[in-house]
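Beneath this line is the structure, given in structure tokens, with notes to follow.
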2 protein chains.
Amino acid sequence: MVRTKIQNELYPDCPIRNILARISDKWSILVLFTLNQSALMRFNTLQKNIPDISQKMLTVTLRTLEEDGFVKRKVYAEVPPRVEYSLTERAISLLPHINDLITWAKNNMDAILTDRIQNKQKS
Amino acid sequence: MVRTKIQNELYPDCPIRNILARISDKWSILVLFTLNQSALMRFNTLQKNIPDISQKMLTVTLRTLEEDGFVKRKVYAEVPPRVEYSLTERAISLLPHINDLITWAKNNMDAILTDRIQNKQKS
DNA sequence: CAGGATCCTATGGGATACTG
DNA sequence: CAGTATCCCATAGGATCCTG
């Protein structure tokens, strides 16, 4: 994924290249899924729920999701600062499809992992 | 995505990290979608349908999809060689969910692209 | 607390040349 | 035709340090 690129030059109308490719990275789906677990979530809480994400990547991923209108970021003028992240309506309308994917992945995981090792041996 | 990694060490049971992250790359979804357009497809035809993919990445993507049991590869003992790619039952069971994603992306693309540029300006 | 700024490395991915 | 093999570069992403 090329985050700096706003739109694919050759295929500006392709929904896969322009929209889906943008959340096809290591963390976006996981962040959306995690945010979906509660209405509001602070930065630290989010990071606690995804322990293997780095601070930088959590920030970068949230910013990109925010750019595309999937995530709302609310900053409170307090000290120490409080920032609450939540899903937008757009994300909420997407999430059922994400959840379907996750359910599918859960149901097929064992078989895929078995095949993966098997097929890896052969090559 | 780390293609060499067979399974996530910290979260071996996470379907997102282990299954979905694997097809969360630049080309997998597009290749699955394209293969779904006809029952069988040869390497060259596939590449003609995805003109902006490099030969290397088409090969790599197909191999990974094959490892995970999404793609079947049939080689004919002919000269010049003929290789036909097709979706497996597993891929066929996944594809409705992929298509739902694509439809969603198509319906929301304009609004997202608008937001993306807008939000990019602000930052 | 919620990050920004840097530095660094691994690797995703393209371009080109070659082959059974 | 359907790839392999190389070389190379951009960038995704981690680690660490710093700050309002």
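To find a chain, count down the sequence lines: A is the first, B the second, and so on, and within it residues start at 1.
At whole-Å resolution of the value, CD in A:Q47 and P in D:dA15 are 11 Å apart. Rounded to whole Å, atom C1' of C:dG3 lies 14 Å from atom NZ of A:K56. We find that NZ of A:K26 is positioned 13 Å from P of D:dA12, with the value rounded to whole Å. In this structure, CG of A:D52 is placed 15 Å from C1' of D:dA15, rounded to the nearest angstrom. B:L62 has its CG atom 15 Å from the C1' atom of D:dC1, to the nearest Å. Atom CE of A:M57 and atom C1' of C:dA10 are 14 Å apart (whole Å). A:E84 places its CD atom 13 Å from the C1' atom of C:dA2, with the value rounded to the nearest Å.
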Enumerate all atom pairs, one protein N or O and one N or O from nucleotides 18-20 of chain C, separated by less than 3.5 Å.
none

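Residues passing the side chain to side chain donor-acceptor pair (under 3.5 Å) test with A:D52 are B:R17, sequence neighbours excluded. For A:S54, the side-chain contact (heavy atoms from CB on, under 4.5 Å) criterion is met by A:K56, A:M57, not counting sequence neighbours. With sequence neighbours left out, the salt bridge (charged side-chain N to carboxylate O under 4.0 Å, His left out) criterion links B:D115 to A:R90. Scanning for salt bridge (charged side-chain N to carboxylate O under 4.0 Å, His left out) contacts around A:E89 gives an empty result, with sequence neighbours left out. Remark: B:Q7 pairs with no residue by the side chain to side chain donor-acceptor pair (under 3.5 Å) rule, at least two apart or across chains. Every side-chain contact (heavy atoms from CB on, under 4.5 Å) that B:E9 has, sequence neighbours left out, goes to B:K5.
Remark: B:R42, B:F43, B:N44 in residues 36-45 of chain B come within less than 4.0 Å of DNA chain D through at least one heavy atom.
For C:dG4, one of the phosphate oxygens OP1 or OP2 lies less than 4.0 angstrom from a side-chain nitrogen or oxygen of A:R63. Look at A:Y85 and you'll find a side-chain N or O under 4.0 angstrom from OP1 or OP2 of C:dG3.
Each end of the helix from C:dC1-D:dG20 to C:dG20-D:dC1 gets its own axis, taken as the rotation carrying the C1' atoms of four end pairs onto the next four within a five-pair window, and the two axes meet at 60° to the nearest 10 degrees.
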Let me check something: any side-chain donor-acceptor pairs from residues 36-45 of chain B under 3.5 Å, sequence neighbours excluded? List them with distances.
{"unit_1": "B:Q37", "atom_1": "NE2", "unit_2": "B:F33", "atom_2": "O", "d": "2.8"}
{"unit_1": "B:S38", "atom_1": "OG", "unit_2": "B:L40", "atom_2": "O", "d": "3.0"}

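To the nearest 0.5 Å, atoms CG (B:N8) and CZ (B:R22) are separated by 12.0 Å.
Residues A:V83 and A:R73 form a side-chain contact, since some pair of their non-hydrogen atoms from C-beta on lies under 4.5 Å apart.
Nucleic acid contact class of B:Y76 (heavy atoms, under 4.0 Å, all strands): none.
Chaining together hydrophobic side chains whose heavy atoms lie under 4.5 Å apart leaves A:Y76 on its own.
Under the side-chain hydrogen bond (donor to acceptor under 3.5 Å, both in side chains) criterion, the residue pairs touching residues 101-112 of chain B are A:S93-B:W104, with sequence neighbours excluded.
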